[in-house]
Amino acid sequence: MSDQLTANGHSFMSYETSEDTSDDIEQLMLLQELVTASLSMHIPHKEGNGFNNTDLSLGDSVSLLRGESDIDEVLFVDHYSQIESSGVFLMAVAVGTVTGYVPPSNNVRFSRFSTFDMETGDLTNTAIHMFGDPRDVGESQNIVSNLMRGMSLAGQ
């Protein structure tokens with residue numbers, strides 16, 4: 001990801017949490033997880049169809065990540081994988097062979113980029129790529145390329 005961002009003319013700095021991370025930053029990271037997980041969630045009290053959660057924000061606490069740097073946006077990268085084992089797959093094949101009914105697959109994989117404004121904490125953009133294994137270099141490059149194509153990063 002860093003190679004592709006640099007190749008596209010973006011400057012960035014990576015932020016890693018550690019056991020010395022402050023409680024405020026840990027809470028910010030948990031809030032970010034909740035906000036990005038809520039983007040596609042149906043919220044009945046919202047206007048329209050209830051899926052318009054793009055007005056969610058991390059608030060001004062996002063500036064804790066800025067430190068001494070002059071950063072316009074923060075990019076969060078999330079990946080979720082639920083990969084069924086070969087045993088579960090073979091059991092599904094066996095059930096399908098015996099009964100004619102094939103249970104739905106439990107394989108779920110997606111990656112998401114979400115950017116937030118460093119002043120307001122407002123969500124500025126998000127992109128999702130379904131499937132793919134980011135542990136594989138080739139697939140990872142494809143995932144990042146597709147996600148970047150779906151984003152409008154500051155400075156573009």
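One-based numbering along the sequence shown.
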Report the residues that fulfil side chain to side chain contact (heavy atoms under 4.5 Å, CB included) with S63, sequence neighbours left out, ordered by chain and then residue number.
-> none
Just jot down the side chain to side chain donor-acceptor pair (under 3.5 Å) partners of D133, sequence neighbours excluded, or say none.
-> R135
For R149 and V144, what are the C-alpha separation, side-chain angles and deciding distance, and is it a side-chain contact (heavy atoms from CB on, under 4.5 Å)?
-> CA-CA 8 Å; R149 195 174 13 259; V144 172; over 6 Å; no
Trace of the side-chain contact (heavy atoms from CB on, under 4.5 Å) decision for M118 with D72 = CA-CA 6 Å; M118 287 297 281; D72 298 323; 5.9 Å; no
Looking only at heavy atoms, which two atoms of L65 and V74 are closest? And how far apart?
-> CD1-CG2, 4.0 Å
Value rounded to 0.5 Å, distance of CE in M148 from CD1 in I143 = 14.0 Å
Do you know which two heavy atoms are closest between F76 and L58, and how far apart they sit?
-> CE1-CD1, 3.8 Å
Taking atom CE of M91 as the centre, does the number of heavy atoms from other residues, nucleotides or ligands within less than 6.0 Å exceed 12?
-> no
Give me the ring orientation class for F110 and Y80: parallel if the planes are under 30° apart, tilted from 30 to 60°, perpendicular past 60°.
-> tilted
Taking distance alone, no hydrogens or angles, what donor-acceptor pairs closer than 3.5 Å link side-chain atoms of residues 92-100 to residues at least two apart or in another chain?
unit_1: T97; atom_1: OG1; unit_2: V93; atom_2: O; d: 2.8
unit_1: T99; atom_1: OG1; unit_2: V95; atom_2: O; d: 2.6
unit_1: T99; atom_1: OG1; unit_2: Y101; atom_2: N; d: 3.1
unit_1: T99; atom_1: OG1; unit_2: Y101; atom_2: O; d: 3.4

Could you tell me which residues satisfy salt bridge (Lys or Arg N to Asp or Glu O under 4.0 Å) with E139, sequence neighbours excluded, listed by chain and number?
-> none
side-chain contact (heavy atoms from CB on, under 4.5 Å) assessment of V35 paired with L123 = CA-CA 9 Å; V35 165; L123 176 70; 5.7 Å; no
Is there a donor-acceptor pair closer than 3.5 Å between any side-chain N or O of S111 and the backbone N or O of H129?
-> no
Hits for side chain to side chain donor-acceptor pair (under 3.5 Å) against Q27, two or more places apart or cross-chain, chain-then-number order -> none
Does S140 have any side chain to side chain donor-acceptor pair (under 3.5 Å) partners at least two apart in sequence or in another chain, and if so, which?
-> none
Tell me the salt bridge (Lys or Arg N to Asp or Glu O under 4.0 Å) pairs involving residues 117-129, sequence neighbours left out?
-> R66-E119
Hits for side chain to side chain donor-acceptor pair (under 3.5 Å) against T6, two or more places apart or cross-chain, chain-then-number order -> none
Give a yes or no on whether the backbone of G121 and the side-chain of S57 come within a donor-acceptor separation of less than 3.5 Å.
-> yes
F113 and T126, any side-chain heavy atoms less than 4.5 Å apart = no
Side chain to side chain contact (heavy atoms under 4.5 Å, CB included) partners of L64, counting only residues at least two apart | D24, I25, S61
Among residues two or more places apart or on two chains, list those pairs meeting salt bridge (Lys or Arg N to Asp or Glu O under 4.0 Å) that have a residue in residues 90-101.
-> none
Residues forming a side chain to side chain contact (heavy atoms under 4.5 Å, CB included) with D78, sequence neighbours excluded | Q32, T36, R112
Heavy-atom nearest pair, L56 first then S38, reads CD1-CB, 3.9 Å
Report the residues that fulfil side chain to side chain contact (heavy atoms under 4.5 Å, CB included) with A37, sequence neighbours left out, ordered by chain and then residue number.
-> none
